[in-house]
Colleague: 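The structure's right below; bear with me while I get my questions together.
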Amino acid sequence: MQPVIVPEPDGSVRVDGRRVALGELPSVVVAAGASARWTWDDTNRWYPGLLAAGVRVERAYDLRLGHRILRGSALASWPEPGDAPPGPWDTLPPAPLTSTPDQPAMLFAAPGVDDSAPGPDPVAELAVQDAVVAASLAAAGRLRLLLAAESAGALAAVEMYHAGLPWLADVHDAVLTETLGPRPRLGERPARLEELAHLIRAALDAPASLNPDSPRDLLRAIERAGVGARSLRKWELEQLDHPVVEPLLEYKSLYRLLTANGWAWLEAWVRDGRFRSEYVVGGVVTGRWASSGGGALQLPKSVRRAVVADPGWSFVIADAAQLEPRVLAAMAGDEVMAAAGRGPDGRGADMYAGIVASGAVPTRELAKVGMLGAMYGGTTGSSGQVLPRLAKAFPRSLAFVDDAARAGERGEVVTTHLGRSSPLPGATWHETQAGAYQDDAGDDDVAKARSYARSWGRFTRNFVVQGTAAEWALCWLASIRRRLWALGPSPSVSDDGPVPAPFAARPHLVFFVHDEIVVHTPADLADAVAAEVQAAAAEAGRLLFGDFPVQFPLSVAIAPSYADAK
DNA sequence: GTACTTAGCGCG
DNA sequence: AAAGCGCGCTAAGTAC
């Protein structure tokens, strides 16, 4: 069954021709059963209200996300040329997530969305997307997998927002107090920062008026004192031998903690023991997720101590080891590199150690920077130096990323394993390239064009790897989500604890960052969860790469705090 | 006052 | 003497 939710001007919806009042939607969804695939314009618009009513959806199809992928995909076969003007499905912004378990006031209605205006027709759009996929022939299977995974990811993203990441404000406060000193009054510097500011001024022989928070003032004082730095970047300061370096680096680090994840952050983003940040599915060109509000994808290691499971609950924390080089080996069909990732016992090695064991490079560190350089387009330093050796040992993988880079340098599109394509370079890029062929083009123009071309080549080189890794992660996430639900509720956890329905006594995802997940689970299910997370990684590998002998080993920890992982 | 850019740094 | 991908966020600084 594939019901489509069609919004009506009066605020109700139509489901397979039947008019349904919004308040009735949760029971209609429940009645349809778990095999139904709910199709809607935007998961963010419909799913928060269902979750607030305690209803989980097993399968969904997100037309907005599907359209964006198909519209850009070089594998998708549109009936008309791809340069057709953008329609409503191209411009639809995602509905903002506002409802939380304790504040479901805006049930199904995102503020600012004018529901009285007739929107684009989801039934027609679904037919269009189905037809485009079907017409894509050989690529149809991959595109279907990508679209299903993207939609499953959208469900998982809303569920993680609904559940929230368990967060102990007093632990966070203790971290801040230990490193910065007690919380100061508004507008004042914490004690440790104040101390460091004095040390910085003394080392620079600068007046008390010098404000270390002002990069301009600070840089001027540094120039005057003859320190020898021409910027305030950490790496540049680290090279220098001057008494100001040590206090300044510490100041910058603590200042960063204070401004990005200090007391103000805590008050803004943590409520009732949960941190909620909105995940923006497909928010990055490569298909990775972005986040909005609170910087969930950049949680510094130092504050992860505050992420603590509820009493009677535990975390299962898992991350995929060397995901990107493994993905590269698989998409390039590089059996040699895949073998390096399997290790001597064939059960999933540290891939960089495997590269050393293959004799390609002498140390793990060189294997790592070399592979990163290959995937990012590095040319200098030790990364550039080992590149030829890696190219000799793993010609298929290196040729694969080189091909992607060449395509980008020519201004062409590249595509991930499942069919997400890169954008084309913009007008400035093309003008710069054209500038190199003008009759009056100087050396500068040629050099600039070359530099732009190379830069876009580095982008496309990385796009195919990062984007395909994001696809693996989506499949992993989708599989984990399904498996966790199948484990069922724990008999030893009560239904009225701090975890909201429908996850009250069930393991559920609470955090995801590119190649890493955190599951919050009743403690008695933690071992079972860990096994499912492992099984899901293997399943994701099979979904993307079939029988190709690549492995995706995880490091998995069962712990009471996120800080205890690794 | 608002809206923008820049520098810097956190994460993967 | 810092090059090589993708982001979000903050404060300072600038433009209007």
Side-chain angles (χ1 to χ4, degrees), chain A residues 187 189 211-220 228-240 248-262 264-265 268-269 277-304 319-325 327-328 368-387 401 404-405 408 414 416 420 422-423 451 454-470 472-473 511-517 562 565-566:
Chain A
R189 242 192 286 269
N211 175 13
D213 303 344
S214 163
R216 237 179 35 164
D217 289 6
L218 193 55
L219 194 55
R220 214 172 295 158
R230 48 166 292 284
S231 84
L232 298 173
R233 294 183 186 97
K234 192 159 76 176
W235 60 259
E236 187 169 352
L237 293 169
E238 276 166 352
Q239 311 307 311
L240 302 168
L248 183 51
L249 287 176
E250 189 183 349
Y251 185 94
K252 284 162 67 76
S253 159
L254 297 186
Y255 179 74
R256 164 82 195 174
L257 174 65
L258 172 70
T259 55
N261 296 96
W265 180 93
W269 299 111
S277 175
E278 183 175 337
Y279 290 104
V280 186
V281 175
V284 178
V285 273
T286 57
R288 273 186 173 184
W289 292 9
S291 71
S292 163
L297 269 36
Q298 298 107 287
L299 278 186
K301 296 230 160 82
S302 60
V303 302
R304 293 183 184 182
D319 77 279
Q322 305 96 37
L323 176 58
E324 292 194 345
V327 159
L328 170 57
K368 183 176 174 176
V369 300
M371 282 310 299
L372 289 176
M375 294 183 295
Y376 292 168
T379 53
T380 62
S382 47
S383 161
Q385 277 173 21
V386 296
L387 232 40
V401 282
V414 296
T416 61
R420 196 187 305 260
S422 65
S451 156
R454 286 232 169 95
S455 171
W456 198 260
R458 287 193 300 274
F459 166 63
T460 52
R461 168 194 293 270
N462 186 250
F463 183 96
V464 292
V465 180
Q466 187 184 119
T468 303
W472 180 91
F511 195 59
F512 168 66
V513 47
H514 308 318
D515 59 358
E516 185 177 344
I517 57 97
Y562 187 22
K566 291 182 210 173

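A, B, ... follow the sequence lines: proteins, then strands. Residue 1 opens every chain.
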Colleague: Given C:dG13, C:dA12, C:dG6, identify the nucleotide with an atom nearest to the side chain of A:T286.
Modeller: C:dG6
Colleague: Angle between ring planes, A:F511 versus A:Y562, binned at 30° and 60°: parallel, tilted or perpendicular?
Modeller: perpendicular
Colleague: With the sugar-phosphate defined as primed atoms, P, OP1 and OP2, and the base as all remaining atoms, what B/S/- string results for nucleotides 2-12 of chain B, 5' to 3', for protein heavy atoms under 4.0 Å?
Modeller: ------BBBSB
Colleague: Select base, sugar-phosphate, or nothing to describe what A:G293 touches, counting heavy atoms under 4.0 Å on all strands.
Modeller: sugar-phosphate
Colleague: Specify the separation, in whole Å, of atom CG of A:N211 and atom P of C:dA11.
Modeller: 13 Å
Colleague: Describe, in one word, how the ring planes of A:H514 and A:F512 are oriented to each other, choosing from parallel (under 30°), tilted (30 to 60°) and perpendicular (over 60°).
Modeller: perpendicular
Colleague: Which dot-bracket notation, 5' to 3', represents the base pairing of DNA chain C when pairs are defined as Watson-Crick or G-U with both distances under 3.5 Å, crossing pairs as [ ], and inter-strand pairs as |?
Modeller: ....||||||||||||
Colleague: I'd like to know whether NZ of A:K368 has more than 12 heavy-atom contacts from other residues, nucleotides or ligands below 6.0 angstrom.
Modeller: no
Colleague: With respect to A:L254, which candidate in A:E250, A:K252, A:R256 satisfies the side chain to side chain contact (heavy atoms under 4.5 Å, CB included) definition?
Modeller: A:E250
Colleague: Between A:N261 (CG) and C:dA11 (P), how many Å, whole number?
Modeller: 12 Å
Colleague: Which whole-number value in Å describes the distance from A:R454 CZ to C:dC5 P?
Modeller: 13 Å
Colleague: Just the rounded figure in Å: distance from C1' of C:dG6 to CZ of A:R420.
Modeller: 13 Å
Colleague: Send over the distance from A:Q385 CD to C:dG4 P, rounded to a whole Å.
Modeller: 14 Å
Colleague: What is the distance, to the nearest angstrom, from the CH2 atom on A:W456 to the P atom on C:dG4?
Modeller: 17 Å
Colleague: Can you measure A:L323 atom CG to C:dG6 atom P for me and round it to whole angstrom units?
Modeller: 18 Å
Colleague: Whether A:T259 contacts C:dA11 is assessed here as follows: a side-chain N or O lying under 4.0 Å from the phosphate OP1 or OP2. Is that the case?
Modeller: no
Colleague: Would one find a side-chain N or O of A:R216 under 4.0 angstrom from OP1 or OP2 of C:dT14?
Modeller: yes
